[in-house]
Amino acid sequence: MTPVFLDNNATTRVDPAVVAAMLPYFTEHYGNPSSHHTFGAAAAHAVRRARQEVASLIGAGHDKEIVFTSGGTEADALAIHMALKARPDRREVITSAVEHPAMLRALERLEEEGRCTLHRIGVDGGGLLDLAAFRSALGEKTALVSLMWANNETGALFPVVELAELAHEAGALFHTDAVQAAGKLAIDLKETAIDFLSLSAHKLHGPKGIGALYVRKGIPAAPLQLGGTQERGRRAGTENTAGIVGFGAAAVLAQSRLAEDGPRIAALRDRLESGLIERIPAARMLGNRYERVGNTSLIAFEGVESDAILTLADRLGIAASIGSACSSGSMEASHVLRAMRVPDIVLHGAVRFSLSRETTEAEIERVIEVLPEVIARLRGMSPFWREEAVA
Amino acid sequence: MTLYSDKLADHALSPRNAGRLADANAVGEAGTLVFGDAVRLMLRVDRRSETITAARFQAFGGPVAIAVASILTELVTGRTLDAALAITADEVAEALGGLPRERVYASVLAEEAIRLAVANFRGTLPQDDGEVLCECFGVTTGLIDRIVRTKGLKTAEEVTLYTKAGGGCRTCQGRIEAALVATDFRLTVVETPIVAPRGEVLEKLRAAGLTAEGLAGAPARPLSSRPRISINHVSRGGAAPARALEVPEVPTGLRPERPTVPRGTVAKEPVVALKPSSGRLTVVEKVRLIEEALAEARPALKRDGGDCQLIDIDGSTIYVKLSGACTGCQMASVTLSGVQSKIVERLNIPVRLVPVM
C-alpha cells in the first residue's frame with residue numbers, strides 16, 4: 001500500500017522535471033555565476049533565466065526585484081531588516097497573531113532588543129484578520145506591516161492587496177509572507193502596493209533550501225549577509241545555481257498548471273472534508289470555509305488528541321500534520337488556533353490535511369475510509385469522550 | 001515514531017487494558033484538557049488486602065501519554081496500594097525504555113494518577129492543590145511544589161519538562177523561579193545532615209568545651225514568614241554565582257511551615273563549582289579570609305540571636321559551629337549556605353561547610 005502524502009504545506013515532492021532541469025548544474029555547468037570565464041557564464045545565464053521565471057510567477061515588474069535566498073525564513077528576516085533600515089524614523093511594526101514562527105520570532109527578538117514596538121493583530125474565529133484593530137494600530141509611526149497571504153495551518157487568506165494600500169496611505173512599508181500562497185493562487189504584484197514578498201521553492205514542487213524575497217524597485221539595498229555583490233548587493237554569497245534553476249523550473253510548472261490544478265485540488269479537498277465530517281461524529285473544519293486556499297483542510301476531532309491521530313494514521317500510510325512542522329516538538333498548542341479562540345476540547349484534536357497537484361481521488365477515498373476507525377479507536381480510550389453524548 | 005523506543009511504540013500502538021473498568025472502586029484522573037494530556041487510571045482494589053486486582057486506563061494525549069497509561073496498568077496490577085504509590089515517574093519511563101526528553105511530563109502524569117487513585121480509594125483526596133501558577137497548562141502550585149521536592153528539580157527548564165508549567169506563554173517564569181527558591185531552601189533546611197566530628201576536631205571541641213552536651217537545650221526558633229537571608233544561587237558545574245537573590249515573599253501554598261518531605265529524600269549540600277584560583281592560599285590566609293566572611297555574616301546572625309564560629313579547616317572542608325538561636329533553627333542550612341557563599345567568594349576555591357556540634 002503506497003503511502004498517502006497529505007502534508008504538502010510542510011513540503012512537496014520535487015517534480016521530476018525540476019530535478020532533471022537542476023542536474024546539469026552540478027556536474028556540467030558548475031561554474032560560479034560570478035566568475036568571468038565560460039564556466040561561470042553558463043551558470044550566470046541559468047540564474048538570470050530562473051530569476052525571470054520566478055518574477056513571472058508573482059507578476060513582478062522587473063526580474064531584478066527578485067533576491068534569491070536560502071528559503072522563506074531567510075526571506076522573512078531580510079524583509080524585516082530592509083524595511084526597518086528604509087524607515088529609520090519609524091519604530092512600530094504591525095503583524096498578525098497567526099503569522100508563521102519564522103516571522104513572529106524574528107519580530108519578537110527585535111522587540112526584545114528594543115528595536116521596535118510590535119503590534120500583533122488578532123483574528124476572528126475563522127482566522128480572518130481583525131480589520132478594525134489593524135486600522136487603529138496603523139499610524140505615522142508604523143515602519144512595516146507584515147501580514148501573510150495564506151495561513152499555513154488553516155489556509156485562511158488575508159486581503160493583502162487591500163491591506164498594502166492601507167499601509168502605504170500611512171507611509172508604512174508592506175511585506176507579505178506568501179510562502180503558502182505562491183503556486184496555489186494567482187499573484188500579480190505589478191498592480192499592488194506590496195513592497196516585499198517571501199517565497200519558498202519547496203512548497204511548489206521545487207527543491208528545499210532555496211527561496212526568494214521580492215523587493216520593490218526603489219527600496220534601498222540593506223543586506224544581512226555581506227562579503228559579495230551577488231543579488232545586486234542585497235544578499236552576498238555564491239548563488240545556489242542548481243537550486244535557483246530548480247526554483248525557476250518549479251515556478252514555470254506552477255504558473256502553467258494553476259488554472260487547471262487549482263479547481264481540481266479544491267474539489268478533492270472539499271470531498272475529503274465532507275467525507276470525513278459525514279462519517280465521523282463531532283468532527284468539524286476549522287477556519288473560514290470560503291476565504292482560504294484550495295488545498296488545505298484543518299479538521300478538529302473532539303475528545304482525541306492530534307499526535308495520537310497522526311501516529312495511528314501514519315501506521316496506516318497516511319501522512320498529515322498538526323499546524324506547523326516547525327513547532328511539532330514543542331508542548332504548546334498551535335498559536336494560530338489559540339488566536340482563533342478554538343475551545344480546548346477540539347483544539348488538541350486538530351489535524352491538517354494539505355493536498356497538492358499530485359494528490360489523487362483514490363488517495364482521498366482511502367483517507368475517508370480509514371480515518372473514522374482511527375478516531376473511533378482513540379475515542380474508545382479517551383476520558384473526554386462519551387458515546388452516549390453523541391446524538 | 002522514530003524518537004520512541006520499541007517498547008514505547010508497542011504500548012502506544014497496541015495499548016494494554018484500555019477502556020472503562022466495570023466495578024472500579026478507585027479512580028485517579030491526572031491532567032486536564034487545558035493541560036493537553038490526561039490519564040484516568042481505574043482500579044479494582046481488594047478491600048481487605050488493599051491489593052490491586054485489575055487496572056484499566058483511559059488516556060487523552062499523544063502516543064507517549066497512551067503508552068505511559070498502558071504500562072502503568074501493567075505495573076500496578078497485583079501490587080498493594082502502598083507498593084503502587086512507591087512507583088516513581090522514572091520507573092514508568094524506564095519500563096518503556098525511556099521517554100523523549102520533552103515528554104517527561106507524561107511519566108509525572110502516571111505518578112499523579114496513582115496518587116489520586118489511591119487517595120480516591122482511601123478517601124483522602126485533598127480539597128485543592130493550591131492556586132493555578134501556569135495559566136497555559138493549568139498547573140497548580142501544589143503540583144509544582146510536589147514535583148520539585150520529590151524529584152529534586154533545580155531549574156525552571158526542568159520544571160517545564162516535568163510539569164509543562166512555563167512551557168507556553170512563559171509569563172509565569174518568574175513565579176516558577178520563586179517556587180524553586182522557596183522549595184529549595186526547605187529541602188536543605190529539613191534534610192542537611194549534621195556531620196558528627198571525628199578525631200582531631202572532636203578533641204579540639206572537647207578541649208574547648210564545645211560538645212553536644214554544652215549546646216543542648218537551645219530552643220528551636222520558629223521561621224519568620226518573610227526570610228531576609230540572601231541566597232546565592234550557584235549553577236551546577238558552572239562558573240561564578242549567578243546572582244544573589246533576596247528570597248521573595250512566597251506565593252500561597254508554599255508558605256514555609258513544617259513540610260512533609262518523604263523519608264529517604266536526601267538533600268544535596270550546596271555544591272559550589274568554581275574556577276580554581278591560580279595561586280594557592282596558605283592556611284593562615286584561608287583562616288583570615290574565612291574569619292572576614294564570618295565577621296560579615298555575624299551581625300545578621302546576632303540580630304536573630306545566633307552566631308557562627310570557625311572551628312577547623314581540613315583541606316577544602318571548613319568546620320564551623322553554629323551557636324545560640326542558630327542551633328535547632330530550621331533555617332540553619334540556609335544560614336550555612338549564605339556563609340558558605342561569602343567564604344567561597346573570598347577564597348575563590350570550592351569548599352564544603354560542615355556544621356559541628
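Proteins get letters first, then strands, A, B, ... in listed order; numbering begins at 1 in each.
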- line: Honestly, the part of Ile66(B) sitting under 4.5 Å from a heavy atom of chain A is side chain

message: Which one wins on heavy-atom pair count under 4.5 Å against chain A: Gly19(B), Gly61(B), Gly168(B)?
response: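 Result: the option with the highest number of such pairs is Gly61(B).
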
- request: Starting at OG1 of Thr311(A), measure out to CG of Leu13(B) and round the result to the nearest 0.5 Å.
  value: 7.5 Å

Looking only at heavy atoms, what is the nearest atom pair of [X] and [Y], with distance?
X	Y	answer
Asp307(A)	Tyr4(B)	OD2-OH, 4.4 Å
Pro383(A)	Ala59(B)	CD-C, 3.4 Å
Arg338(A)	Cys136(B)	NH2-O, 4.3 Å

query: Where on Arg377(A) is there a heavy atom nearer than 4.5 Å to chain B: the side chain, the backbone, both, or neither?
result: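 Contact with chain B is through the side chain of Arg377(A) alone.
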
How about [atom1] on [X], more than 12 heavy atoms from neighbouring residues, nucleotides or ligands closer than 6.0 Å, or not?
X	atom1	value
Asp6(B)	CG	no
Arg284(A)	CZ	no
Arg122(B)	CZ	yes

- request: Without swapping roles, check the side chain of Glu305(A) against the backbone of Phe60(B) for a donor-acceptor pair under 3.5 Å.
  value: no

- prompt: Does anything in residues 34-44 of chain B get under 4.5 Å of chain A by heavy atoms, and if so which residues?
  reply: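 Interface residues of residues 34-44 of chain B: Val34(B), Gly36(B), Ala38(B), Arg40(B).
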
message: Run the side-chain contact (heavy atoms from CB on, under 4.5 Å) test on Thr32(B) and Asp344(A) for me, step by step, so that the C-alpha distance in whole Å, both residues' side-chain angles and the decisive distance to 0.1 Å come before the verdict.
response: CA-CA 10 Å; Thr32(B) 60; Asp344(A) 281 318; over 6 Å; no

